[in-house]
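Residue numbers start from 1 in every chain, and the chains themselves are labelled A, B, ... in the order their sequence lines are given, proteins ahead of strands. These numbers come from a predicted model, not from an experiment.
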Protein chains: 2
Amino acid sequence: MRGDIPSGSKISEPDLARSYKVSRGPLREAIRRLEGLHLVARVPHVGARVVTLNAIQLFEIYQVREALEGMAARLACRNMSDNEIAELKNLLDDHEDSIAQSDGREYFQHGGDFDFHYRIIQGSKNQRLIELLCSELYHLIRMYRFRSSQILSRPQTALNEHRQICLAIERRDEELSELLMRRHISTAQQHIEQQFKTEGE
Amino acid sequence: MRGDIPSGSKISEPDLARSYKVSRGPLREAIRRLEGLHLVARVPHVGARVVTLNAIQLFEIYQVREALEGMAARLACRNMSDNEIAELKNLLDDHEDSIAQSDGREYFQHGGDFDFHYRIIQGSKNQRLIELLCSELYHLIRMYRFRSSQILSRPQTALNEHRQICLAIERRDEELSELLMRRHISTAQQHIEQQFKTEGE
DNA sequence: ATTCAAAATATTGTCGACAATCTAAAATTT
DNA sequence: AAATTTTAGATTGTCGACAATATTTTGAAT
């Protein structure tokens with residue numbers, strides 16, 4: 001998860017066991033867990049490799065993310081307390097300051113973007129949705145972000161979109177908040193696609 | 001997955017290892033995989049239990065399912081071939097016959113309902129979406145269906161809804177097909193909720 | 001009789017070793 | 001010289017045993 005082991009590299013059980021100072025038994029159990037999280041792929045009798053995300057897989061993840069986070073925004077309208085919404089607004093004000101200070105470059109890098117999404121996901125109060133997005137998909141997206149050092153810095157635009165979503169949630173407008181969240185993620189997806197194309201040249 | 005081990009029962013590693021004629025090592029690795037699928041829950045130093053779905057958890061799963069299958073229907077509009085859509089229509093005709101023959105009781109039991117949903121999910125051509133719905137969530141929903149012997153038999157209504165969805169896909173109407181699919185699942189969810197209430201009395 | 005403490009039991013966590021399988025390297029054949 | 005077969009090496013899969021931890025039972029004290 002930290003990215004210490006490069007994406008795509010083969011995992012040698014004896015080597016890893018030595019480096020972590022554990023026996024192969026617990027290590028294999030751990031690998032099986034990572035397999036469940038789709039972070040390593042395992043071929044019987046051949047070995048385990050750290051998964052690599054190609055453009056298509058990232059594309060697919062973003063489609064899933066759009067559906068799930070859209071639902072999260074809808075449920076957040078239903079289930080976030082007035083207090084939680086007030087705190088969400090405070091967070092956005094902090095982000096505003098942070099962008100003004102750092103000239104906007106560090107918004108995505110310091111998890112500011114994820115902070116916002118994280119709160120709304122939590123606000124859905126749907127435990128399964130939370131686990132799916134925050135534990136399972138997040139690691140995969142994060143893995144990609146490690147590689148391409150987030151060039152998609154469009155902090156002011158993103159912040160504006162965040163504010164719109166926040167407003168819709170404040171008004172408890174389920175339809176609108178879902179729509180805006182889906183568009184927001186869809187836009188991010190398109191930016192990544194663009195990036196992949198220019199990268200390929 | 002077959003339901004041999006009752007939901008909620010504790011899993012004894014030595015017992016299971018004996019009954020499957022394997023050592024505890026591979027068994028533990030298998031349990032870790034099931035843990036990843038959320039089919040067993042594990043507490044350190046205490047043991048593993050087959051998960052039980054309460055009403056809330058099932059409710060949450062259906063919310064996730066609504067979001068994901070709605071997206072699947074949308075993507076199916078984009079990615080299903082004309083041929084695949086024609087086959088989908090044939091499937092619905094078969095279902096029609098099956099319902100007429102068996103007086104409609106066996107539609108859900110024999111996986112007819114799932115057949116339809118399965119094809120649309122596959123039609124999305126999104127591998128991650130397919131895996132999430134068909135491999136991960138399906139087992140959980142199936143686990144519940146084992147317990148309550150599917151009382152929600154409203155076969156004719158469901159079939160009609162399926163036909164409407166199919167029509168929307170045929171017309172490549174992404175908006176409508178997603179909407180109809182979400183309503184279809186939302187309706188099923190409400191039926192289950194109803195059932196839980198009457199069950200609790 | 002009830003409650004708390006301590007010992008006994010059972011279960012989980014970990015390890016090192018051996019067997020089965022795959023990958024590569026070397027040797028033989030064409 | 002190239003290709004195929006064979007052999008050697010490494011890696012994965014499996015096992016039984018031991019240590020650490022939790023649960024249950026037993027006993028004693030209130």
Side-chain angles (χ1 to χ4, degrees), chain A residues 1-54 57 127-128 130-132 134-136 138-140 142-143 146-147, chain B residues 1-54 56-57 127-128 130-132 134-136 138-140 143 146-147:
Chain A
M1 287 174 182
R2 282 210 308 272
D4 292 352
I5 304 172
S7 163
S9 64
K10 192 168 181 304
I11 295 171
S12 161
E13 289 182 9
D15 290 358
L16 250 192
R18 261 189 296 276
S19 76
Y20 282 117
K21 299 250 179 12
V22 290
S23 147
R24 274 181 56 225
L27 181 80
R28 281 172 67 92
E29 291 178 26
I31 291 175
R32 282 270 143 73
R33 284 182 61 186
L34 292 173
E35 200 184 349
L37 292 173
H38 303 276
L39 287 173
V40 310
R42 194 182 185 75
V43 182
H45 288 106
V46 172
R49 301 193 90 90
V50 182
V51 296
T52 51
L53 290 188
N54 58 33
Q57 285 171 305
Q127 273 310 119
R128 188 156 297 267
I130 292 168
E131 163 121 12
L132 256 166
C134 294
S135 298
E136 305 196 5
Y138 172 63
H139 289 308
L140 287 165
R142 184 179 165 79
M143 177 176 276
F146 256 107
R147 241 180 36 190
Chain B
M1 287 174 183
R2 280 210 311 272
D4 293 352
I5 304 173
S7 163
S9 65
K10 192 168 183 307
I11 295 171
S12 161
E13 287 180 11
D15 290 357
L16 250 192
R18 261 189 296 275
S19 75
Y20 282 118
K21 300 250 178 14
V22 290
S23 144
R24 275 179 55 222
L27 181 80
R28 281 171 67 93
E29 291 178 25
I31 290 176
R32 282 270 143 73
R33 283 182 61 188
L34 292 174
E35 200 184 349
L37 292 173
H38 303 277
L39 287 174
V40 309
R42 193 182 185 76
V43 182
H45 288 106
V46 172
R49 301 192 90 91
V50 182
V51 295
T52 50
L53 292 187
N54 58 32
I56 293 167
Q57 285 171 306
Q127 273 310 119
R128 189 156 295 268
I130 291 169
E131 162 119 12
L132 256 166
C134 293
S135 298
E136 305 196 5
Y138 172 63
H139 288 306
L140 286 166
M143 177 177 276
F146 256 107
R147 240 178 37 188

- Report the distance from atom CG of Asp4(B) to atom OG of Ser19(B), rounding to the nearest 0.5 Å.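 Rounded to the nearest 0.5 Å, the CG-OG separation comes to 10.0 Å.
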
- Atom pair CD1/CD of Ile130(A) and Gln127(A) - distance to nearest 0.5 Å: 4.5 Å

Taking all heavy atoms of [X] and all of [Y], pick out the closest pair and write down the distance.
X        : Y        : result
Arg24(A) : Ala17(A) : CG-CB, 4.1 Å
Gly47(B) : Lys10(B) : CA-NZ, 4.3 Å
Val51(B) : Ser7(B)  : O-OG, 3.0 Å

- Sub-4.0 Å heavy-atom contacts from residues 29-36 of chain A onto DNA chain D, ordered by number: none

- Among dG13(C), dC15(C), dT14(D), the one nearest Pro26(B) by side-chain distance: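 Comparing dG13(C), dC15(C), dT14(D) against the side chain of Pro26(B), the answer is dT14(D).
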
What pairs of nitrogen or oxygen atoms, one from the protein and one from nucleotides 5-11 of chain D, lie under 3.5 Å apart?
none

- Message: Does dT12(C) have its OP1 or OP2 closer than 4.0 Å to a side-chain nitrogen or oxygen of Arg24(B)?
- Response: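 Checking dT12(C) against Arg24(B), no side-chain N or O comes under 4.0 Å of OP1 or OP2.
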
- Check whether any side-chain nitrogen or oxygen of Arg18(A) sits under 4.0 Å from OP1 or OP2 of dG16(C), and answer yes or no.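 Negative; the distance criterion is not met.
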
- Task: May I ask you to decide if Arg128(B)'s main-chain N or O and Glu131(B)'s side chain share a donor-acceptor pair within less than 3.5 Å?
- Result: no

In this structure, how many angstroms lie between the [atom2] atom of [N] and the [atom1] atom of [X], rounded?
X        : N       : atom1 : atom2 : result
Tyr20(B) : dT14(D) : OH    : C1'   : 18 Å
Arg28(B) : dC15(C) : CZ    : P     : 11 Å
Lys21(B) : dG16(D) : NZ    : C1'   : 17 Å

- Which residues satisfy the side-chain contact (heavy atoms from CB on, under 4.5 Å) test with Ser12(B), sequence neighbours excluded? Pro14(B), Asp15(B)

N/O donor-acceptor pairs under 3.5 Å from side chains in residues 31-44 of chain B, not counting sequence neighbours:
| residue | atom | partner | partner atom | Å |
| --- | --- | --- | --- | --- |
| Arg32(B) | NE | Glu35(B) | OE1 | 3.1 |
| Arg32(B) | NH1 | Glu29(A) | OE1 | 2.3 |
| His38(B) | NE2 | Glu136(A) | OE2 | 3.1 |
| Arg42(B) | NH2 | Glu13(B) | OE2 | 3.1 |

